[in-house]
Structures are given as structure tokens and as C-alpha cells.
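Working notes for the structure below.
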2 protein chains.
Amino acid sequence: MKSTNSDACEAWKLLLKFFFTQRAGFPSLAAEFELSPAQCHVLHLIEPGRPLAMGHLAETLSCDASNVTGLVDRLESRGLIRRQASSEDRRQKVLELTPAGVRLRATVAERLSNPPETLKRLSETEQKMLVKILRHVLQNKAETTK
Amino acid sequence: MKSTNSDACEAWKLLLKFFFTQRAGFPSLAAEFELSPAQCHVLHLIEPGRPLAMGHLAETLSCDASNVTGLVDRLESRGLIRRQASSEDRRQKVLELTPAGVRLRATVAERLSNPPETLKRLSETEQKMLVKILRHVLQNKAETTK
DNA sequence: TATTGTTATACTCTATAACTATA
DNA sequence: TATAGTTATAGAGTATAACAATA
């Protein structure tokens, strides 16, 4: 009964194609703010008022901890984030946005929020349907395969 | 009349979220084949039997030509692609997959074709609808804004 | 002993600028 | 003079291994 997945495969193929199309513009978008794509991603992952442990960041980025040290060094030296010793576990360091970091994060989010033309051109019905389906996709994450 | 775009904005926001979720797994997927993400992308962009000029590759990747030289060096030294002098314009070099390159490209594509669980769990109706909408999105690309 | 983050090292990715060969 | 690709160089991203401080 393996042919059940054929539509999921096709959807995935199209999503990948769309990803790669969109991806090309990301480095130059980040560069508008003198950020690298990776730095831009980190800035987005640290939410205002929600300190994030460095180890947790490494996990989310699926990269080595030593890599996070460098990323954080550069963002910290630009005054966008701050390392703070954790009170519970003194081995840990948590990351916080500085006021400048909060502002830049919001500016980038604003710049990034404008959808590509090709999405805007969908009919209203399609747009609503797409939103509904994508919500399902993102909700499905935590559930078990059963 | 600016609120017309609100659904497109929401869809775009969800798509971005999905991108970033999926993106984390890409480097390790490429690493299964001892490829970097960028090398993997290049391998995908060169289609079997369809020589591609280096300049065109740089354009598609939105990166500098000097960067392509290095990428191609590494893939060529692994015997996956080949530089060939263009017959029309002797300044140009076109890229071709070697037989090993064709095989690896197919293996990677096969590995990449398996959709994430969260997509497979959509209902059949939603899957079909998603395919239809994404086809529209990708078709819209070339049209003018009017 | 195990874990968190850092340092040292090495390789890849990326851009800029200067260069070579062709057009 | 302009274009396609290369080289030299430098900074950023990435992983591995060895290390310090803390648990």
C-alpha cells in the first residue's frame, strides 16, 4: 500500500523547488543589515525577553557548540546580543537581545514579512486554503507516528 | 486597500517557519554523501546531458563567479563533474556530470524525495489541494505584475 | 565522571580585487 | 573595451579534538 504517499511526494518536491527559488535571495536580504544568513537566523531565534541557553541554540541550529561560540562572539561584538551567566547552572550561559538587537530583529522581521509576488497572486480562496493546510503541517510536528 | 494581502502574509510566515524547520536537516543529509550543502545544490542544478555554463551557475546561485570556481574545483577533483571548453565562445566553460556524478545525483535525489512525516500525515484531500496550489505558485513566477 | 562552553585547527563557503584569455 | 573564468586574499561558517570550569 505504498502508493498512498504519491501526493505527499509531489507536494514535497514542489516545496523543495520553492525553497531553492526563495533561498537565493536570503543572503542579500541579510546583507542589507550587514548580517550573514546564519547571524540573521540566530537573531530571529532569540526572542525578546526570552533568554536562550547557548546549548539550546546549537541544538536548534543542528550545529556544533563551538560554532555557536563564534556566531555569538560576532553578534555580541556588534552589540546585538549579550551573554549572561545562568544563575541555576554556572556552566551555562544564556543569550539575550540588547535593545539594539530587539530593534534590528524587528526591522529584519518587517523586511522579511513581505511575501513574494507569486504568493500574492494566488486567489483569496487558495491563500486561505494554503494557510489552513500549512497550519496542519506545522501542528503535526509533535504527534507520534502511531 | 492593503488588507487584501493578509492571507498571503500569513501563508508566507508559515512557509518560512516550515523552511527553517526543514533546513536544519539539510547539512547532515548532504554529509551522508560527503557533500557540503552547496555542493549538493550544484550537483542538483547540473542535469544529466544538459551542460551548464559556469556563469549561468553563478547567476542561479546568486553568488560571485570566483566562488563557483572553488565549488567546481572540489566537485571535479572528486570526479563528479567535468569542465569542458565551449565550442562557440572559448572564454566559456560548460559543466557536465560524469557517470559517477549522474549516479550520485540520482542517489541524493532518491534520498531527498522522501517527504517529512508531517506532510505524509495530511489528509489525501489536503495533499492534492496543496499540490495544486503550489503548482500555481511556481507557475506564477514568469508573469508580469501588470 | 559527565556536561557547558571555549580554544586551536583545518576545511569549505563567500566576496572583492587584480589578472588572463578571449570577444 | 567588455566578458568568462581564475587567482590571491580575507572573513565567516562549520566540525573535530583538547581543554577549563562546573555539576
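Each chain gets a letter, A, B and so on, in the order its sequence line appears, and its residues count up from 1.
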*Of the nucleotides dA15(C), dA4(D), dA12(D), which one has an atom closest to the side chain of Ser36(A)?*
dA12(D)
*Tell me: CZ of Arg91(B) to P of dT20(C), nearest whole Å?*
17 Å
*Between dA21(D), dA17(C), dG5(D), spot the one nearest the side chain of Ser66(B), thanks.*
dA17(C)
_Looking at every non-hydrogen atom in both residues, tell me the closest pair between Leu57(A) and Val68(A) and how far apart they are._
CD2-CG1, 4.1 Å
*Where the side chain of Thr69(A) is defined as all heavy atoms beyond and including C-beta, which of dC13(C), dG5(C), dA15(D) is the nearest nucleotide?*
dG5(C)
*asked:* Given dG13(D), dT22(C), dA23(D), identify the nucleotide with an atom nearest to the side chain of Asn67(A).
replied: dG13(D)
_Distance, rounded to the nearest Å, where Leu43(B) contributes CG and dT12(C) contributes C1'_ = 16 Å
*Toward the 5' end of DNA chain D, by each residue's nearest nucleotide, Asp89(B) or Asp89(A)*: Asp89(B)
*Please state how far atom CG in Leu75(B) lies from atom P in dC11(C), giving the value in whole angstrom units.*
18 Å
*Euclidean distance, atom CZ of residue Phe26(A) to atom P of dT14(C) [Å, nearest integer]*: 13 Å
*5'-most by nearest nucleotide on DNA chain D - Gly70(A) or Ala65(B)*: Ala65(B)
*asked:* Rounded to whole Å, how long is the line connecting atom CZ of Arg90(A) with atom C1' of dT3(C)?
replied: 15 Å
_Note, Thr118(B) side chain near Thr21(B) side chain (heavy atom, < 4.5 Å)_ = no
_Between dT22(D) (P) and Lys93(A) (NZ): distance, integer Å_ = 10 Å
_Does the plane of the ring in Phe20(B) sit parallel, tilted or perpendicular to the ring in Phe26(A)? Use 30° and 60° as the thresholds._
perpendicular
*Considering just the side-chain nitrogens and oxygens of Arg74(B), establish if one lies under 4.0 Å of OP1 or OP2 belonging to dC13(C).*
yes
*If you check the Ala53(A) side chain, which of dA21(D), dG5(C), dT6(D) turns out closest?*
dG5(C)
*Among dA23(D), dT14(D), dA21(C), which nucleotide sits nearest the side chain of Cys63(A)?*
dT14(D)
_Can you give me the closest heavy-atom contact between Trp12(A) and Gln22(B), atom names plus distance?_
CH2-OE1, 3.8 Å
*Given dA21(D), is OP1 or OP2 found less than 4.0 Å from the side-chain N or O atoms of Gln92(A)?*
no
*asked:* Rounded to whole Å, how long is the line connecting atom CG of Asp64(A) with atom P of dG5(C)?
replied: 12 Å
*Roughly, in whole Å, what's the span from CZ in Arg83(A) to P in dA21(D)?*
17 Å
*Report yes or no: do Leu104(B) and Leu75(B) belong to one cluster of Ile/Leu/Val/Met/Phe/Trp/Tyr joined by side chain heavy-atom distances under 4.5 Å?*
yes
